[in-house]
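When a ligand or atom number is given, it counts from 1 through the structure's own listing order. Position 1 is the first residue of the sequence, and the numbers go up from there.
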Amino acid sequence: MKRLAGADKFQNLTTSGSLRRSKNFSSNDVRAKKFLIKWNKSETVKNNQVKKILIIGGGYVGLVSAVCWAKVGHKVFLLEIDPARLKALQAGTAPFFEPQLDALLSAHLQKNLFVTIDVSAAMQELPDFVFLCVGTPANPDGSADLSYVWQAVFDFCKHVKKSCILICKSTLPVGTTAKIDNFIQIFLADKKLKIKIKVVFMPEFLSQGQAIKNFFEPDRIVVGLKCQKKLSMLKKLHAPLLKKHAKFFSMNFASAELVKYTSNAMLALRISFINQIANYAEKVNGNIEQISQAVGADPRIGSQFLSAGLGFGGSCFPKDLAALVHGAAELKISVSIAEAALKGNVEQRQIFLQKILTRFKDLTGKKIGFLGLAFKVGTDDLRESPALWLVQELASCGAQILVFDPQCKKKIKNLLHAQTFQELLQQDFLVIASNFDFLHQIQPQSFLQLKDACIFDGRNCFKETFFDGLKIEYYSVGRF
Ligand code: UDX
């Protein structure tokens, strides 16, 4: 947990004052760019294979899908009803950060990618495939708010003029795709419309920061559908993405809906479990990094998502776990393991805060340098961010906080933002909530500039021996 060592020599002092930009963003961007150049060489669709695709919702999944389908060569229409977001998109700017997203948006905008607020105009284009990508935020009771979904389905029904496949990408509670399908079939029958709408559910597994690569090289494509008839059309559409090793699974609606919840829950509960083991290890002089590596070397377990730290955040894990718990409870089914993962996740950040409060009994007037605000490094997404929670708690204890997270600067204005990481080292102590690449270029001696020579590392960024020989107190997670 803590290392306090001898000699306070200032040697090889190379601070990061010039590191104005986070390397994580630039290196992710370079990786994404290289990936796209490579992908360029492979075949995009031929003229006679070009389909018309309508994407409803210009959020994370919708916008990434829109630019990527445009890159594949299809003609894409993106429907966005939020005027501010629409304006940004029409100007060729993504409303959030994702490597290469802006580049793809400007490359295809007004060529084979068109953004509109007008659902009727979009449906006039007679799309072959309509992707439903609207948000399903959490209600206060944990259930998913489906108002955007139903509004979009209703608008779609009102304006649809040609047979097509409606692909639901929004994360839907189990049973919802069947209800959407029922609604649409009844609507068509009522209106005596002689067109066929096939509804399918295709869960989305994009991970922020790697979304473009995830789109073009998915591990798996999952389709939930009522009858297998339209499967070949979906396979054909996804063929350019299936060239590598991706597996294609088809199943019924409910199974596909459960695949999404189970995938996110499985990952989240690994994190909560390793965090609890980390807390145990800390008490008995164990080392969670060594434990994770050894445990993860078992191929039945695997090594990913075993990094202990502040816990998980983001737009998916907390929301989807809560929706899973809520949906199961309605059917009187226990998913207590998922509940425990959520509870453990909240406890984890509290335990970390307690570590700081145990060391500094009174934070009044303490100057804290705080690194990382987003829910994970490589994004600017603040949703459910454990870092943001921690900043708020520390501030409420009277601390003065100086934050460094360049991508989040514009998003959260009521905090004091540093221009450089170097400024954080001029504070009393440092809290690290994100593992930025640039941290690994900094010499350990640089941290001696902190007035209290004390670091709380919520992401285990440094080896436990990194500060050996220096009078630095180093507190991390799950290590003595
Ligand atoms: C996740 C899923 O990975 C993705 O498949 C799904 O489509 C959406 O939700 P994302 O939210 O982008 O993606 O983030 P992810 O990389 O999975 O990380 C989620 C949270 O877990 C972050 O706060 C991250 O810091 C934390 N995490 C991750 C850990 O604490 N330890 C780990 O070992 C891995």
Which heavy atom of A338 sits nearest a heavy atom of L324, and at what distance? CB-CD2, 4.1 Å
With nothing but distance in play, are any N or O atoms of L267 less than 3.5 Å from an N or O of ligand 1? no
Relative to the ring of F35, is the ring of F216 parallel (under 30°), tilted (30 to 60°) or perpendicular (over 60°)? tilted
Min N/O separation L206 to ligand 1 under 3.5 Å: yes
Ligand 1 contact on C316 by region, counting heavy-atom pairs under 4.0 Å: side chain
Quick check on E384 - does any of its heavy atoms sit under 4.0 Å from an atom of ligand 1? no
Please state whether the rings of F129 and F131 are parallel, tilted or perpendicular, taking 30° and 60° as the class boundaries. tilted
Any idea which part of K319 is under 4.0 Å from ligand 1, heavy-atom wise: side chain, backbone, both or neither? neither
Quick one: do K343 and E339 make a salt bridge, cutoff under 4.0 Å? no
Angle between ring planes, F467 versus F447, binned at 30° and 60°: parallel, tilted or perpendicular? perpendicular
Short N-O contact, E282 and K355, less than 4.0 angstrom: yes
Could you tell me which atoms of ligand 1, counted from 1 in the order shown, lie closer than 4.0 angstrom to a heavy atom of Q208? 12 (O)
At under 4.0 Å between heavy atoms, which part of N264 makes contact with ligand 1: side chain, backbone, both or neither? side chain
Within ligand 1, which atoms have a heavy atom of S207 less than 4.0 Å away? 12 (O), 13 (O), 16 (O)
Closest protein heavy atom to atom 29 (C) of ligand 1, given as residue, atom name and distance to 0.1 Å: I271 CD1, 3.6 Å
Heavy atom of the protein closest to atom 34 (C) of ligand 1 (residue, atom name, distance): F305 CD2, 3.4 Å
Numbered atoms of ligand 1 (with element) below 4.0 Å of F205, judged on heavy atoms: 4 (C), 5 (O), 7 (O)
For atom 31 (N) of ligand 1, the protein heavy atom that lies nearest, with its residue and separation: S307 O, 3.0 Å
Shortest protein heavy-atom distance from atom 23 (O) of ligand 1, along with the residue and atom involved: F375 O, 2.8 Å
Ion pair present between D181 and K226, side-chain N to carboxylate O less than 4.0 angstrom? yes
Ligand-residue contact atoms, ligand 1 with R459, heavy atoms, under 4.0 Å: 25 (O), 30 (O)
Just which atoms of ligand 1 are under 4.0 Å from any heavy atom in E204? 7 (O)
for atom 15 (P) of ligand 1, nearest protein heavy atom and its distance come out as K376 NZ, 3.6 Å
List the closest protein heavy-atom neighbour of atom 20 (C) of ligand 1: residue, atom name, distance to the nearest 0.1 Å. F312 CB, 3.5 Å
For a side-chain hydrogen bond (donor to acceptor under 3.5 Å, both in side chains) with Y60, tell me which candidate from E98, Q208, E204 qualifies. E98
Is there a donor-acceptor contact under 3.5 Å linking the side chains of K376 and S207? yes
Could you tell me whether the side chains of R85 and T93 share a donor-acceptor contact shorter than 3.5 Å? no
With a 4.0 Å cut-off on heavy atoms, is G314 touching ligand 1? no
Atom pair CD1 (I180) and CH2 (W150), whose distance is rounded to the nearest 0.5 Å: 5.0 Å
Pairwise distance CE(M266) to OG(S263) - rounded to 0.5 angstrom: 8.0 Å
Does G309 reach ligand 1, in the sense of a heavy atom lying below 4.0 Å from it? no
What's the shortest distance from atom 19 (C) of ligand 1 to any protein heavy atom, and which residue and atom give it? F317 CE1, 3.5 Å
